[in-house]
Undergrad: 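After the structure tokens below, expect a handful of questions from me.
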Amino acid sequence: MKAIKLVNKTKIFLNPQPPYNFNANFHKPSHFPSSDNRWEENQYWITMLWKGRMLGLKFENKGRVDKPKIQLTVYSKKKLGEKYFLGILPEIRWRFNFDQDISSFCGKYKNDEFLKEAIKKWEGMKPIAAHSLYGTLIIYFVLQNAAVRRSVQMLENLFNKFGKKVEFDGKALSIFWEPKDMAKASEANLRELKVGYRAKFFKRLSEQFTNKEIDEFALRKKNKEEVEKEILNIFGVGPASAEYLLFEDMYFLDALKTVPPWEQKIMSKLLFDQKLVSTQKIVNFFKKRYGGYEKLAFHYIWENLFWKRKKVHIGWLEKEIRL
DNA sequence: CATCAGGGCCCTG
DNA sequence: CAGGGCCCTGAT
């Protein structure tokens, strides 16, 4: 596939709400890699489809956790009008969670036995959506019932068939497709991409977005219970995907009701030094100790572990990660 | 070689 | 509310 060159640049400085941890927010080491984005220390690139135009975003860290400053460069094929450019900024602030204030969490738990190390290293880490709701749901679907390698393969197959490649700042990255492009495809076409039973999910999801049955922006204004109810109505979204979505993409810091099996094993070891503790006990631990921030606390412990894994070999952990 | 359980979800009874 | 079926893959 030939890459489309995005040569026009528009730059701006942005100031997220402190504390904001650039590297811990633009890179989540527990997530599987996707060819639509790339992280390097203090730099991040991602593609974005916005109002019919393909964009390349580059973020550069020019500040500190307590005084965050980010230089954003938006790459496009043609020069961007001022109105269009100003219009994407609120969306970018949302997708990278610039405005949520978690200072009280970091302050309150900086000496907590289970969190102090993570807060010391990653203060200002927050949930980050990074993608549109549509893109996020596609990613959650490939995550279901699959080990990492297969999830990666499914997503790349989808990018190759429905997406495009764009090139900017020396990087060639995939870019998501419009829902209508996928809605047109047949279920058999989708199945060729080795996505299995998910083919039906992709098709129905794309149709729902094309028909504007799902309104991401209206959803963001609703409370947790309303959001949960609505997303559970989406074909292909069940309790597991819904819970990830509530935290990672809708930023409800207390969205913790269940723990998937592999996370259960890892948390059992980390918190209780036992082989397997009931999910209920794990959930209760977080609720009691970090009420209101139970999922954020989980996130700090979780990502801290995966940051460590990048540097040192953790034998017991490797066994629990299905690559 | 076969069987099975996954980083679930839908549908049926 | 329990349980079968579903795509694929790697483990046994």
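Proteins get letters first, then strands, A, B, ... in listed order; numbering begins at 1 in each.
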Undergrad: Tell me the interatomic distance from A/Gln144, atom CD, to C/dC8, atom C1', rounded to whole angstroms.
TA: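 Value for this atom pair: 14 Å.
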
Undergrad: Using 30° and 60° as the class boundaries, would you call the ring planes of A/Phe286 and A/Phe298 parallel, tilted or perpendicular?
TA: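 Rings of A/Phe286 and A/Phe298: tilted, as their planes differ by 30° to 60°.
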
Undergrad: Identify, with sequence neighbours excluded, every residue that meets ring pair (Phe, Tyr, Trp, His ring centres under 6.0 Å) alongside A/Phe252.
TA: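 With neighbours one apart ignored, the set is empty.
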
Undergrad: Take the protein atom CD of A/Gln153 and the nucleotide atom C1' of C/dT9, then report the distance between them rounded to whole Å.
TA: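 Going from A/Gln153 (CD) to C/dT9 (C1'), I get 9 Å.
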
Undergrad: Report the distance from atom CZ of A/Arg198 to atom P of C/dG5, rounded to the nearest whole Å.
TA: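 Taking atom P of C/dG5 as the reference, CZ of A/Arg198 is at 18 Å.
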
Undergrad: Does the ring of A/Phe98 carry A/Arg93 above it, NZ/CZ under 6.0 angstrom from centre and within 45° of its axis?
TA: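 Here A/Arg93 fails the 6.0 Å and 45° test against A/Phe98.
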
Undergrad: Could you tell me which residues satisfy side chain to side chain donor-acceptor pair (under 3.5 Å) with A/Tyr134, sequence neighbours excluded, listed by chain and number?
TA: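 A/Tyr134: side chain to side chain donor-acceptor pair (under 3.5 Å) contacts with A/Trp177, A/Ser206.
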
Undergrad: Apply ring pair (Phe, Tyr, Trp, His ring centres under 6.0 Å) to A/Phe26 and list each qualifying residue two or more places apart in sequence or on a separate chain.
TA: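 Residues passing ring pair (Phe, Tyr, Trp, His ring centres under 6.0 Å) with A/Phe26: A/Phe22, A/Tyr44, A/Phe59, A/Phe96.
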
Undergrad: Rounding to a whole Å, what distance do you find between A/Phe141:CZ and C/dC8:C1'?
TA: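 Result: 18 Å.
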
Undergrad: Please, which pairs that meet side-chain hydrogen bond (donor to acceptor under 3.5 Å, both in side chains) have at least one residue in residues 232-243 of chain A, sequence neighbours excluded?
TA: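 The answer is A/Glu243-A/Thr258.
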
Undergrad: Expressed in angstrom and rounded to an integer, what is the separation of A/Glu187 atom CD from C/dC6 atom C1'?
TA: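 For the pair A/Glu187 CD and C/dC6 C1', the rounded distance is 11 Å.
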
Undergrad: Taking only nitrogen or oxygen atoms into account, show me every contact under 3.5 Å that the protein makes with nucleotides 10-13 of chain B, one pair per line with its distance.
TA:
unit_1: B/dC10; atom_1: OP1; unit_2: A/Gly236; atom_2: N; d: 2.7

Undergrad: Convert the base pairs of DNA chain B into dot-bracket notation, remembering that pairs crossing earlier ones are written with [ ] and that bases paired across to another strand are shown as |; include only Watson-Crick or G-U pairs under 3.5 Å.
TA: .|||||.||||||

Undergrad: With A/Lys194, which residues qualify under salt bridge (Lys or Arg N to Asp or Glu O under 4.0 Å), at least two apart?
TA: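 For A/Lys194, no residue satisfies salt bridge (Lys or Arg N to Asp or Glu O under 4.0 Å) once neighbours in sequence are set aside.
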
Undergrad: Using the test side chain to side chain donor-acceptor pair (under 3.5 Å), find all partners of A/Asn211 that sit at least two apart in sequence or belong to another chain.
TA: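 Result, side chain to side chain donor-acceptor pair (under 3.5 Å) vs A/Asn211: A/Glu213.
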
Undergrad: Considering only NZ, NE, NH1 and NH2 on the basic side and carboxylate oxygens on the acidic side, decide whether A/Lys224 and A/Glu228 come within less than 4.0 Å.
TA: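 No, this pair does not count.
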
Undergrad: Within 45° of the axis and under 6.0 Å from the centre of the six-membered ring of A/Trp262, does NZ or CZ of A/Lys265 qualify?
TA: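 Verdict for A/Trp262: no cation-pi partner in A/Lys265.
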
Undergrad: Just the table, please: protein N/O against nucleotides 3-6 of chain B N/O, every pair under 3.5 Å.
TA:
unit_1: B/dG6; atom_1: O3'; unit_2: A/Arg322; atom_2: NE; d: 3.4
unit_1: B/dG6; atom_1: O3'; unit_2: A/Arg322; atom_2: NH1; d: 2.5

Undergrad: How is the hydrophobic cluster of A/Phe168 composed, in terms of its other members, when Ile, Leu, Val, Met, Phe, Trp and Tyr link through side-chain heavy atoms under 4.5 Å apart, directly or indirectly?
TA: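 A/Ile4, A/Leu6, A/Trp45, A/Leu49, A/Met54, A/Tyr75, A/Val166, A/Leu173, A/Ile175, which link up through side-chain heavy atoms under 4.5 Å apart, make up the rest of the cluster.
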
Undergrad: Scan A/Ser151 against the nucleic acid and name what it touches under 4.0 Å (heavy atoms): base, sugar-phosphate only, or nothing.
TA: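 The residue A/Ser151 makes no contact with any strand.
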
Undergrad: What is the distance, to the nearest angstrom, from the CG atom on A/Leu155 to the C1' atom on C/dC8?
TA: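 It works out to 16 Å between those atoms.
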
Undergrad: For nucleotides 10-12 of chain C, list the nitrogen or oxygen atoms of the protein found under 3.5 Å from its nitrogen or oxygen atoms, one pair per line.
TA:
unit_1: C/dG10; atom_1: OP1; unit_2: A/Arg149; atom_2: NH1; d: 3.1

Undergrad: Could you tell me the separation between the CG atom of A/Leu205 and the P atom of B/dC9, rounded to a whole number of Å?
TA: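 Going from A/Leu205 (CG) to B/dC9 (P), I get 13 Å.
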
Undergrad: Can you tell me which residue among A/Asp249, A/Thr136, A/Asp36 is in a side-chain hydrogen bond (donor to acceptor under 3.5 Å, both in side chains) with A/His131?
TA: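 Option passing the side-chain hydrogen bond (donor to acceptor under 3.5 Å, both in side chains) with A/His131: A/Asp36.
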
Undergrad: Is it true that A/Lys229 and A/Glu225 have a side-chain N and a carboxylate O under 4.0 angstrom from each other?
TA: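 Looking at A/Glu225 together with A/Lys229, the answer is no, because their closest N to O distance does not fall below 4.0 Å.
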
Undergrad: Taking atom C1' of B/dG8 as reference, at what distance in whole Å does atom NZ of A/Lys200 sit?
TA: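 Atom NZ in A/Lys200 sits about 14 Å away from atom C1' in B/dG8.
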
Undergrad: Quick test of your reading: applying salt bridge (Lys or Arg N to Asp or Glu O under 4.0 Å), list the pairs with at least one residue in residues 163-177 of chain A, sequence neighbours left out, ordered by first then second residue.
TA: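 Matches after skipping sequence neighbours: A/Lys5-A/Glu167, A/Glu40-A/Lys171, A/Lys58-A/Asp169.
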
